Amino acid sequence: MMIFDFCPAHDSKCPCLTCEDEHCKACIGTGPGRYGVDTEKLCARAKAYCENEKSKQKEEKESREVTLLKAVWQLLDKQKNSPCVLNLLTETVFYDEAECDGYCLSDDILDCLLEKGIDLETEG
């Protein structure tokens, strides 16, 4: 099974599947905005299509990591260029087309790690 942020058949117009009510016969809802696709229920062409969509999503996720690293660098650069100690949790940086503070950045980093199966809160 593959996990997607969207249903590839519904949103990307899979050549073999048509979705009704935003779900196809292979889609298993896994939570708000998440779809599990049981690729074993798909024909070979649709399975290849979903696997291709998953690799595209992975490439997009890698760019997400770069976005978060740039935001962390901006935050640390603020501290480096300041003559006094800053509260980095309340300082803001601009990413995702919005101004976010250190709390928001920390949450976004944690979400990114959780998507990769890394849970810092349980690993310590």
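Residues take their numbers from the sequence shown, with the count starting at 1. Every value quoted in this text rests on a predicted model; they were computed, and no experiment measured them.
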Leu88 and Gln79: CA distance, side-chain angles, deciding distance, side chain to side chain contact (heavy atoms under 4.5 Å, CB included) verdict
CA-CA 8 Å; Leu88 296 181; Gln79 178 60 70; 4.0 Å; yes
* **Heavy-atom side-chain contact between Leu113 and Asp119 under 4.5 Å** => no
Partner of Leu68 under side-chain contact (heavy atoms from CB on, under 4.5 Å), picked from Asp96, Ile109, Asp111, is Ile109
Do Lys78 and Leu86 have side-chain heavy atoms sitting under 4.5 Å apart?
-> yes
**Message:** Applying side chain to side chain contact (heavy atoms under 4.5 Å, CB included) to Val93 and Lys70, what does each step give before you reach the verdict?
**Reply:** CA-CA 10 Å; Val93 291; Lys70 286 180 180 179; over 6 Å; no
Scanning both residues in full, the closest heavy-atom pair of Ala71 with Tyr95 reads CB-CD2, 3.6 Å
Looking at Arg64 and Glu115, is there a salt bridge between them, counting it only when a charged N and a carboxylate O are closer than 4.0 Å? no
Apart from Tyr103 itself, its cluster of hydrophobic side chains linked below 4.5 Å comprises Leu89
Item to complete: For side chain to side chain contact (heavy atoms under 4.5 Å, CB included), just list the numbers for Leu105 and Val72, CA-CA rounded to whole Å, side-chain angles, deciding distance to a tenth of an Å, and then say yes or no.
Response: CA-CA 8 Å; Leu105 178 58; Val72 169; 3.8 Å; yes
query = Side-chain heavy atoms under 4.5 angstrom apart, residues restricted to Ile, Leu, Val, Met, Phe, Trp, Tyr: same cluster for Leu75 and Leu69?
reply = no
Closest non-hydrogen atoms of Ser82 and Cys84, given as atom of the first, atom of the second and distance, are OG-O, 3.0 Å
Quiz prompt | Main-chain N/O of Trp73 paired to Asp77 side chain as donor or acceptor, under 3.5 Å | solution = no
